[in-house]
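Inspection log for the structure reproduced underneath, given as structure tokens.
Values below: all heavy atoms of this structure, side chains included; hydrogens, waters and symmetry mates excluded. Chain naming here is simple, since letters A, B, ... match the order of the sequence lines and numbering starts at 1 in each.
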Protein chains: 2
Amino acid sequence: MDNGEVPLCSLREVLDLVGDKWAIQVLVRLGDGPRRFSELERALPRVSRRMLSLTLRGLERNGLVTRTVYPEVPPRVEYTMTPHAMELDEPLHALSAWAAKHRAKVAEARRAFDVA
Amino acid sequence: MDNGEVPLCSLREVLDLVGDKWAIQVLVRLGDGPRRFSELERALPRVSRRMLSLTLRGLERNGLVTRTVYPEVPPRVEYTMTPHAMELDEPLHALSAWAAKHRAKVAEARRAFDVA
DNA sequence: CAGAATCCAACCGGATACTG
DNA sequence: CAGTATCCGGTTGGATTCTG
């Protein structure tokens with residue numbers, strides 16, 4: 001990791017956008033298309049309604065997600081990824097590839113550390 | 001972002017490793033070579049000693065950093081990145097490149113959202 | 001259906017002081 | 001030098017309740 005070439009502030013910016021506990025889970029769900037609030041809620045049982053709401057609000061605020069309200073009864077709201085959010089796909093793949101590759105070593109390091 | 005291809009759990013794993021507030025700052029500093037505790041402390045004035053300590057302990061536990069104690073007086077401790085931590089360099093670059101590219105849009109989205 | 005509001009417990013992290 | 005220990009205020013997030 002070369003200090004001079006990693007723009008630290010940019011890195012912090014992305015992590016501030018998607019680094020929190022649920023943002024990425026939501027984004028990935030939106031990856032195959034628009035989803036309603038309740039669909040996301042069912043798809044992510046471990047996210048409380050409150051947190052889902054706050055997460056979506058954050059993503060919307062940062063322009064990663066678009067919120068569309070359909071004037072119907074009962075109300076329908078759909079969340080959609082924006083084009084630039086889609087471009088996050090590849091960087092995130094790179095990261096998870098790293099994780100997949102080194103998972104065993106990380107687990108082993110953790111075991112070794114914990115017994116000591 | 002293709003749901004079927006992004007291994008969500010791997011992604012969460014990496015973010016759990018380096019997603020917290022200071023881990024990456026520390027890693028980047030270690031990018032050009034081993035550093036002593038006090039060097040890191042000076043290089044990262046906004047990180048409290050306590051947080052630096054906890055961060056290093058976490059990185060060490062996950063095998064991203066090696067801690068070496070030299071039996072001298074006064075004591076000297078050096079922190080070094082492990083080989084697999086170095087491989088994080090490129091994925092992190094990809095992420096920060098995304099941030100750099102879309103920074104303006106994100107900022108604009110935020111402004112638009114906040115005035116509303 | 002899609003949230004917002006409120007309450008409250010748990011956790012986080014800074015400041016300070018102490019140690020091998 | 002390189003930490004750890006303790007105290008403590010602020011933030012986070014779950015549970016619950018209320019609403020258009």
Task: Heavy-atom check, side chain of A:L15 versus side chain of B:V18, under 4.5 Å - done: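 Answer no - side chains too far apart.
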
Open item on the list: Within the 4.5 Å heavy-atom criterion, are B:L92 and A:L95 side-chain neighbours or not?
Closed with: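 Counting from C-beta outward, B:L92 and A:L95 do come under 4.5 Å.
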
Task: Closest nucleotide among C:dA2, C:dG20, C:dG14 to the B:P75 side chain - done: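 Of the candidates, C:dG20 comes closest.
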
- [ ] Select one nucleotide: of C:dA2, D:dG14, D:dA2, the one nearest the side-chain heavy atoms of A:R76.
- [x]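 Among C:dA2, D:dG14, D:dA2, the one nearest the side chain of A:R76 is C:dA2.
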
Task: Short N-O contact, B:R57 and B:E60, less than 4.0 angstrom - done: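 The answer is yes: the pair qualifies as a salt bridge.
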
Open item on the list: Looking at B:K105 and B:E108, is there a salt bridge between them, counting it only when a charged N and a carboxylate O are closer than 4.0 Å?
Closed with: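 No, no charged N to carboxylate O under 4.0 Å.
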
Could you check how far [atom1] of [X] sits from [atom2] of [N], rounded to whole Å?
X     : N      : atom1 : atom2 : value
B:K21 : C:dC12 : NZ    : P     : 14 Å
B:W22 : C:dG13 : CH2   : C1'   : 10 Å
A:M51 : D:dA15 : CE    : P     : 12 Å
A:R46 : D:dA15 : CZ    : P     : 12 Å
A:R35 : C:dG3  : CZ    : P     : 16 Å
B:L56 : D:dC1  : CG    : C1'   : 14 Å
B:E60 : D:dG3  : CD    : C1'   : 13 Å
A:L52 : D:dG13 : CG    : C1'   : 14 Å

Open item on the list: Please tell me whether A:V69 and A:L40 are part of a single hydrophobic cluster in this structure, the criterion being side-chain heavy atoms less than 4.5 Å apart.
Closed with: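 Yes, because A:V69 and A:L40 connect within a single hydrophobic cluster, where side-chain heavy atoms sit under 4.5 Å apart.
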
TODO: Scan B:R36, B:R35, B:R46, B:R49 and name whichever one has a salt bridge (Lys or Arg N to Asp or Glu O under 4.0 Å) with B:E41.
DONE: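 The residue from B:R36, B:R35, B:R46, B:R49 that satisfies salt bridge (Lys or Arg N to Asp or Glu O under 4.0 Å) with B:E41 turns out to be B:R49.
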
Open item on the list: Less than 4.0 angstrom between a side-chain N/O of A:R36 and OP1 or OP2 of C:dC1, yes or no?
Closed with: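 No, outside the criterion.
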
Open item on the list: Does C:dG13 have its OP1 or OP2 closer than 4.0 Å to a side-chain nitrogen or oxygen of B:S48?
Closed with: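 Checking B:S48 against C:dG13: no side-chain N or O falls below 4.0 Å of OP1 or OP2.
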
- [ ] Check for a donor-acceptor pair, side chain of B:T82 on one end and backbone N or O of B:G63 on the other, with a separation under 3.5 Å.
- [x]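 Such a contact is found between B:T82 side chain and B:G63 backbone.
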
Open item on the list: For the CD atom on A:E90, are there more than 12 heavy atoms of other groups (residues, nucleotides or ligands in this structure) within a distance under 6.0 Å?
Closed with: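 Count not over threshold, so no.
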
Open item on the list: Just to be sure I understand the rule, does A:Y79 reach a base, reach only the sugar-phosphate, or reach nothing, if contact means heavy atoms closer than 4.0 Å?
Closed with: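 Sugar-phosphate only.
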
Write down the protein N/O and nucleotide N/O pairs, taken from nucleotides 4-8 of chain C, whose separation is under 3.5 Å; answer none if there are no such pairs.
{"from": "C:dA4", "atom 1": "OP2", "to": "A:S53", "atom 2": "OG", "distance (Å)": "3.1"}

- [ ] Using the ring-ring contact (aromatic ring centres under 6.0 Å, His included) rule, collect all pairs that involve residues 97-116 of chain A, keeping only residues at least two apart or in two chains.
- [x]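 ring-ring contact (aromatic ring centres under 6.0 Å, His included) check on residues 97-116 of chain A returns A:W98-A:H102, A:H102-B:H84.
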
Open item on the list: Based on the rotation axes of five pairs at each end, what angle does the helix from C:dC1-D:dG20 to C:dG20-D:dC1 bend through, to 10°?
Closed with: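 Answer for the end axes of this duplex: 50°.
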
